[in-house]
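Have a look at the structure below before the remarks.
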2 protein chains.
Amino acid sequence: MTRTPTVYDVAHAAGVSTATVSYTFRNPSRVKESTRELVLDVAQRLGYVPNASARNLARGRTGVLGLFAYDFLWDAPDRRIPAGGVLPESHELTGEPYDEFRLFPVYLDEVQRGFELECWRRGFEIIISGRQGAVEDSAISELAGRVDGLAVFPRRVARPTLQHIARRIPVVELASRGDTDTCSRIDIDNADGVAQLIEHLHGKHGHRTFRFVAADDNADSDTRHLAFAAEITRLGLVALPALRQSPKLAEELAALQGTGALPDALVCASDQVALETLDILHRLGIRVPGDVAITGFDGILAGATSQPRITTVRQPMSEIGRLAADLLIARSADAEIPNETIVLAIRLLVRESCGCTPA
Amino acid sequence: MTRTPTVYDVAHAAGVSTATVSYTFRNPSRVKESTRELVLDVAQRLGYVPNASARNLARGRTGVLGLFAYDFLWDAPDRRIPAGGVLPESHELTGEPYDEFRLFPVYLDEVQRGFELECWRRGFEIIISGRQGAVEDSAISELAGRVDGLAVFPRRVARPTLQHIARRIPVVELASRGDTDTCSRIDIDNADGVAQLIEHLHGKHGHRTFRFVAADDNADSDTRHLAFAAEITRLGLVALPALRQSPKLAEELAALQGTGALPDALVCASDQVALETLDILHRLGIRVPGDVAITGFDGILAGATSQPRITTVRQPMSEIGRLAADLLIARSADAEIPNETIVLAIRLLVRESCGCTPA
DNA sequence: CTGAAAGCGCTAACAT
DNA sequence: ATGTTAGCGCTTTCAG
């Protein structure tokens, strides 16, 4: 096997300089047509493929944006996406554990999609990186060295690491966290979402007792919980402690059922939490929304195919991804552009789990 | 804004050589602990992030695998994923056209997922690249220069281009095409799948007239159509010309309905075709499976949530992605490993669109 | 319109 | 255990 051809080989074979070869590919109009054709011909014949590492090094940028995702499966391998009964056992699986968890796209998938499309539209490539559990600094730093800008989901990367990276390339955090100005941030109006949900449950359905169901170790969940508490207080209702998505959630709900202490409504931190809760309630024989109303947050697909369908707040997920890419591209081209925080509006999606009837 | 720090800066500030800095990051055990700590400290203070382009150039490899995907939306912007009636209008959309098409994951998404997970597990990063419509050679060649191996979906990239690239890095094509040994190939047993479907429709339900519904410009569709024709012939049944997924499919089906010439069963090239066909039949008032049976191919999620659920053949999609990554990693490490074609087994998924009753 | 040549930042022999 | 140094392949300024 011969050495892979370089600009030198092409230049030599074509009887031109390496500069001309380079221009032929990067700036064709600078090269006389006949020369250009010659070079392309030779390149073709030799099997020349430009080496991006060399180019990026010379240019000082990569044309790649990174998305540091995660897979919640890895963190919670024994937790399934509850799909409100529609998850079909006959949707044959390959036997790999993750295969059965990720039938439905989740929040992250939809954000990723928006990010991808915007990158491609703008001529950027995209590295999707993911790690299991706690992220070692080296992994993320490794990734940072490969890209012109980086989008990360919160709570995945230690803050000092993020600050370190943000000194070198633009970084945008997706979703809430609140402090610092290390990086840009794209967030949604969580408080408004929660307020609209409660307003609907309270004003429209007359519900008076609420419990929040929190997700584990999740910044968004915390934000929404705070908003929930504030809203409950504002309405002069009784603030009860939050329930928590965990292996013990089923027990807790069973206990509430036993003592007749079920609230009127369960406001869940996310659609995924809502779906899991729904599943548990089903198993306990508690009817939704008959015995208890339930709401989610996000607007993922699974919540629209469950039984009943989940009343929720829709995030503009792909728009979040799109904006993230947009912002990174701008800042990577001009370091003077300051970090910014964008807060996107949400929208209440009234379906059936709150007690409304299907249209 | 100061210049971004390099190994030289770190080495200088720490009073060591660049080699020591490099070793500290790449081969820590080669460096005395105290030195290592010193270097890491200085690097931290300076905000040093290793430049991957330089490293890759020096090393001669990138640690990145590419997946050249596509988005069928771009090619057919006016064609929706029909979801058998479950696609909820209230699943609020952002207004961007693609947003409403891609609610359900498709074949490609699931393959991609397997690819990603395997890459991450093996310590590779992954570049997902996509283009609209016909792919210019430069785009794919561009990508090829960035990665150690490339997986492509068929019919997206001109064959000469693929051959050109395959001279430099390992390439694997996902799904059927058949000719050449330019690249490796991962395929499924399409013939077996089609045979099992027809066997079921014929043997179990006694159907005798079949029409194939082909997808446009799709290698898999062609392969399955051939297998379909062969099987029909083998059983001594009447071979009728294929229908074709297109804006005119509705007319054609209506015509068949009008003349009482509907077949017993429609064997569709994919689940997506089946879902679209199902949608059309619905609108024509033709009952499925009452008036006509229908089958799909792939095993995507949308086919499991439609009404009725689609009887289909399940491809091990994430396994396809996983194997692709596996194969590329092996070949990128050892150019002596020859190309190979892997054919994976499929599995019949009997649901309701064939006429069976729900379990 | 084309060529010469100086980097880009890092790695990995090889030397000490 | 650490330092020296020659590349890795391409881009781009400056000359011609």
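We name chains A, B, ... by the order of the sequence lines, and we start the count at 1 in each one.
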Problem set entry | Sub-4.5 Å side-chain heavy-atom contact between B:Leu65 and B:Asp148 | yes
Exercise. Considering only heavy atoms from C-beta outward, does the side chain of B:Val172 approach that of B:Arg331 to under 4.5 Å?
Worked result: no
Exercise. Heavy-atom count around A:Arg36 CZ within 6.0 Å, excluding the residue itself: above 12?
Worked result: yes
Exercise. Can you tell me how far P of C:dA13 sits from CZ of B:Arg26, to the nearest Å?
Worked result: 16 Å
N/O-N/O pairs, protein side and nucleotides 1-4 of chain D side, under 3.5 Å:
from	atom 1	to	atom 2	distance (Å)
D:dT2	OP1	B:Thr35	OG1	2.4
D:dT2	OP2	B:Lys32	N	2.7
D:dT2	OP2	B:Thr35	OG1	3.4
D:dT2	O4	B:Arg30	NH2	2.8
D:dG3	OP2	B:Ser17	N	2.7
D:dG3	OP2	B:Ser17	OG	3.1
D:dG3	OP2	B:Thr20	OG1	2.7

For this session: Would you kindly give the CG-to-P distance between A:Asn27 and D:dC10, to the nearest whole Å?
Result: 17 Å
Problem set entry | Within residues 25-49 of chain A or reaching into it, pairs that qualify as ring pair (Phe, Tyr, Trp, His ring centres under 6.0 Å) - sequence neighbours excluded | A:Phe25-A:Tyr48
Exercise. Between A:Phe25 (CZ) and D:dC10 (C1'), how many Å, whole number?
Worked result: 12 Å
For this session: Please determine if A:Arg121 and A:Glu118 form a salt bridge, counting it only when a charged side-chain N lies under 4.0 Å from a carboxylate O.
Result: yes
Exercise. OP1, OP2 of C:dG9 versus side-chain N and O of B:Thr6: anything below 4.0 Å?
Worked result: no
For this session: Starting from C1' on C:dA4, measure out to NE2 on A:His12 and report it in whole angstrom.
Result: 17 Å
For this session: Mind calculating the distance between CZ (A:Arg55) and P (D:dC8) to the nearest angstrom?
Result: 19 Å
Exercise. Do you know which two heavy atoms are closest between B:Ala330 and B:Ile337, and how far apart they sit?
Worked result: O-CD1, 3.5 Å
Problem set entry | Any donor-acceptor pair under 3.5 Å from A:Ser22 side chain to A:Thr18 backbone | no
Seminar exercise, completed: In terms of heavy-atom contacts, A:Ile320 and A:Tyr107 come closest through CD1-OH, 4.1 Å
Exercise. Using a heavy-atom distance cut-off of less than 4.0 Å, which residues of residues 56-65 of chain A contact DNA chain D?
Worked result: A:Ala58, A:Arg59
Problem set entry | Separation of C:dG9 P from A:Glu142 CD (nearest whole Å) | 17 Å
